[in-house]
Amino acid sequence: MNTSTDTTGAAKAAPAGGTGTPGPGWFKRRVIGTKADVVPRITFAVVAFLLIVVAPGMLTAFRLDLLAKYLVFAIVAVGIALAWGRGGMLVLGQGLFFGLGGYVMAMHLQLADAGPGEKPMFMSLTGASDLPGLWEPFRSPVFTLVMVVALPMAVATLLGLLVFRSRVRGPYFAILTQALAAAFVILLVGQQDLTGGTNGLTVSTFFGLDLAKNSDKLTLYFIVLAVLLVVFLIARQMVKSRYGQLLVAVRDGEDRVRFLGYSPTTVKVVAFATAAGMAGVAGALFVPIVGIISPTSLGIVPSIEMVIWVAVGGRVSMAGAIAGALLVNFAKTELSEAMPSGWLYAQGLLFILVVAFAPRGLAGVGDWWRENRDRFDRFRPGARTAAPASGAAAGEGA
Amino acid sequence: MATGLLCAVGMFATGCAGDDDTTTASSTSGGNTIKVGVLHSLSGTMAISEVSVKDSELLAMEEINAKGGVLGKKLEPVIEDGASDWPTFAEKAQKLISQDKVAATFGGWTSASRKAMLPVFERNKSLLYYPVQYEGLEASPYIFYTGATTNQQIIPALEYLKEQKKTKTIYLVGSDYVFPRTANKEIKAWAKANGMKVLGEEYAPLGSTEFSTIVNKVKAAKPDAIFNTLNGDSNVAFFKQLEGAGLPSSKLPVVSVSVAEDEVRGIGASKVKGQLVAWNYYQTTKGATNDAFVKAYKAKYGQKRVTDDPIEAGYVGVKLWAAAVEKAGSTDPEKVKAASKGLTMDAPEGKVTIDGENQHIYKTARIGVINDKGLIDTVWESKGPIKPDPFLKTYPWAEGL
């Protein structure tokens, strides 16, 4: 990964000048930007237009619901791109944080559905007479909303401090996160009286929105879109900042950063906890959109799938991660509808193609081509022999 | 870079526009068919069980179509894959209802998949026919339960153990999910009221194949019988290790409620020969209707295939829905529900009647013994169909549940 170019970050690094005072040249500086900014900015505008205007206008309520689900997954993907792509921490257990956020939200929504003093729906199954004490605080919507972000972040911070301080990294860290996701599933299934077991928790309203009504679903879609935008901007800001450079430095040479006097532990914990918080928010939004959260949505397999979205889209780019999440999940829906019994093969083929021909994901196709162009040129008569990856090295400077 | 995102959204929009075109096209031109949904796991861990049920549901639709269809229209199945993933079940159910506008959906196996689909069907006021025995404690107005509830399967099995086998002590072994845990809760309440002692209760993760600890605990506890709610593949390992520990069926009988002919085929008949099972239907169940059903199923899907309880319940579900639609003269869910009240049919398992109150069906309980051919012979059956009682209201011991 040392030579991995960072043209995305570099391209996006908008000029720092122009603190917002509208004056001559303001429009050009702030809206159009430098030459390198033009393409991403136009793309951003087009995508935003598609998502805000075209999609709600053209799609049926059912399709819009699916799109909202993909956008929720994109929120997780942004977090993974930050922790894995930028921070080099292969997080194979994001299902844990996704689940924490999801269960926190589902607990509140079940209590809200039941109404004050009534039993939540899942208890009809377990037959318990008293509401478990753990559930009581989640009657409060404010507490719930705070916990959706705070709980996953707290768990990740604690875990990160323990793990990164003892310099656990690479595959060991990946396996550890995965084991935690697996353990979380076992806990949820085992504590059926508290969590609804394998059935999970189902909900039918979301803070007064009736999830059966199309107009309320549209509102929910815009909420998801807004949250994705905020998450994207946070991640982008982090990547562009001094901290973002430090994170990449830790990824590429942790010991060197340590010798320079920084604490890699803190740098990594911040990225890991942010990714966890994003997964938590996504889990919380997943609940009203899908209507259910259960252990099947957050075990090892879903956790790996989350990483696959990012791998397909391109892990160093936030936009690539979002595209990957949308694309893979869209393909999953379409393929499984087109061939209910054979779609898994098609999906597998898709992954093989990406891994074989675009190892850095869709967002990395351009970079990969620029770096390897001369390899192909060699086979052509009269090819340029020199000019190695100098362009790529220049991009690294950002 | 961001071009990928653009292309994803673009693809999505165009893909869906295409979708909408096809639905409008088919709903305007296809006035001669009635679409029905078939929603089972065709991939993932549950596929091994659910594919067979899908097959029998398609068989029932084919038979109905051969006889001229329903209300003079042919049935057109729309098949979707639930992928052994509960949110996917909810997603596909919604797709069948709003995109395909199906008249009814047949599907589900695990309780979790049913619980995930339940709000979708209630919200859209659309009908689901659920074909598997389950833990009870549910009666959704938009679900028809064509499998057994506990008082038609588990309680008769316990009574059989008590009356016929003079069992005094049992040991509970199950997979770690909702059905076994809830079933065991009910079993413990029953045992307490009936003077039977539960010596232990053990759960293995779904799909687990390591049973030496559990088998050793069972061996040490020396129960008269084991009540087994393990699901799927785990049974293979469990029975093998039980036999290895010197506990064949002659020494320690095991009553299973999730092992049917299809599972025996997977486990291997030799390992479970002589073990007890509790269901409402076996391939060997006597009757002309069943003979015809078994023959048709084998003719369509191969002589090596077997029929079993959920397969039959799936088949019956389709037939019951079709009969109710004919009676109502409409596919409107509310009219179908009204017409279903007390609807009776001659099914492969015998006479079945829909209970108007909870939309479960009256079923005959049957205890069977697995023979060396992998089929199951009935050794005891209830006197006539048992009225479904999903909330166990008629059982005083079940009050605290």
Side-chain angles (χ1 to χ4, degrees), chain A residues 8 11 39-40 43-44 46-47 50-51 54-55 58-63 65-67 69-70 124-127 186 189-190 192 196-200 202-204 211-212 290-294 296-297 313-314 317 319-320 322-324 326-327 330 333-334 336-337 340-341 343-344 362-363 366, chain B residues 1-13 15-17 19-20 23 38 42-44 47 51 79-81 83-92 94-95 97-99 110-112 114-116 118-120 122-124 135 137-138 176-179 181-182 185 203 205-206 400-401:
Chain A
T8 39
V39 174
T43 317
F44 182 82
V46 172
V47 170
L50 279 176
L51 288 175
V54 178
M58 272 182 59
L59 299 178
T60 59
F62 166 67
R63 293 291 160 188
D65 228 22
L66 285 182
L67 182 58
K69 187 173 85 173
Y70 308 157
S124 66
L125 189 73
T126 61
I186 293 171
V189 172
Q192 189 179 313
T198 39
N199 281 6
T202 42
V203 303
S204 52
L211 300 176
V290 178
I292 179 172
I293 183 94
S294 76
T296 48
S297 310
S317 153
I322 293 175
L326 295 186
L327 201 64
F330 169 70
T333 305
E334 285 296 306
S336 68
E337 280 175 13
S341 43
W343 65 278
L344 276 178
L362 298 175
Chain B
M1 188 193 51
T3 344
L5 183 60
L6 182 67
C7 121
V9 176
M11 262 176 78
F12 189 82
C16 301
D19 265 18
D20 292 347
T23 32
V38 175
L42 309 178
S43 57
V51 168
I79 302 168
E80 286 293 344
D81 180 11
S84 308
D85 177 57
W86 324 144
T88 305
F89 270 95
E91 173 197 320
K92 300 293 183 193
Q94 184 66 53
K95 186 242 167 195
I97 297 167
S98 55
Q99 200 86 27
T110 60
S111 291
R114 191 192 63 251
K115 289 271 184 207
L118 184 144
V120 177
E122 290 190 350
R123 221 185 278 159
N124 294 282
E135 68 279 356
L137 307 176
E138 191 183 294
D176 200 354
Y177 72 106
V178 169
F179 168 67
R181 282 185 180 268
T182 310
K185 207 170 245 176
Y203 296 97
L206 263 179
L401 290 173

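Lettering of chains follows the sequences in order, A, B, ..., and the numbering in each one begins at 1.
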**Request:** Considering only heavy atoms and a distance below 4.5 Å, find which of A:Gly291, A:Gly313, A:Gly200, A:Gly190 pairs most often with chain B.
**Result:** A:Gly190
**Prompt:** Relative to chain A, which segment of B:Ala90 carries a heavy atom at a distance below 4.5 Å: side chain, backbone, both, or neither?
**Reply:** side chain
**Message:** Quick check on B:Pro205 against chain A: is it the side chain, the backbone, both or neither that has a heavy atom closer than 4.5 Å?
**Reply:** neither
**Request:** For B:Glu91, enumerate each residue passing the salt bridge (charged side-chain N to carboxylate O under 4.0 Å, His left out) test, keeping only those at least two apart in sequence or located in another chain.
**Result:** A:Lys69
**Request:** Not counting sequence neighbours, which residues clear salt bridge (charged side-chain N to carboxylate O under 4.0 Å, His left out) with A:Asp65? List them please.
**Result:** A:Lys217
**Asked** Any ion pair linking B:Lys115 and B:Glu138 (charged N to carboxylate O, less than 4.0 Å)?
**Response** yes
**Asked** Given that the side chain runs from C-beta out, which part of A:Ser336 has a heavy atom under 4.5 Å from chain B: side chain, backbone, both or neither?
**Response** both
**Message:** Under a 3.5 Å distance rule, please check whether A:Thr296 uses its side chain to pair with a backbone N or O of B:Asp85 as donor and acceptor.
**Reply:** no
**Heavy-atom proximity to chain A below 4.5 Å, by part of B:Ser98** = side chain
**Asked** Quick one: of B:Gly44, B:Ser43, B:Pro87, who has the most non-hydrogen atom pairs under 4.5 Å with chain A?
**Response** B:Pro87
**Prompt:** Salt-bridged, B:Lys95 to A:Glu334, with N to O below 4.0 Å?
**Reply:** no
**Message:** Tell me which of these, A:Ile186, A:Thr202, A:Val189, has more heavy-atom pairs under 4.5 Å with chain B than the rest.
**Reply:** A:Val189
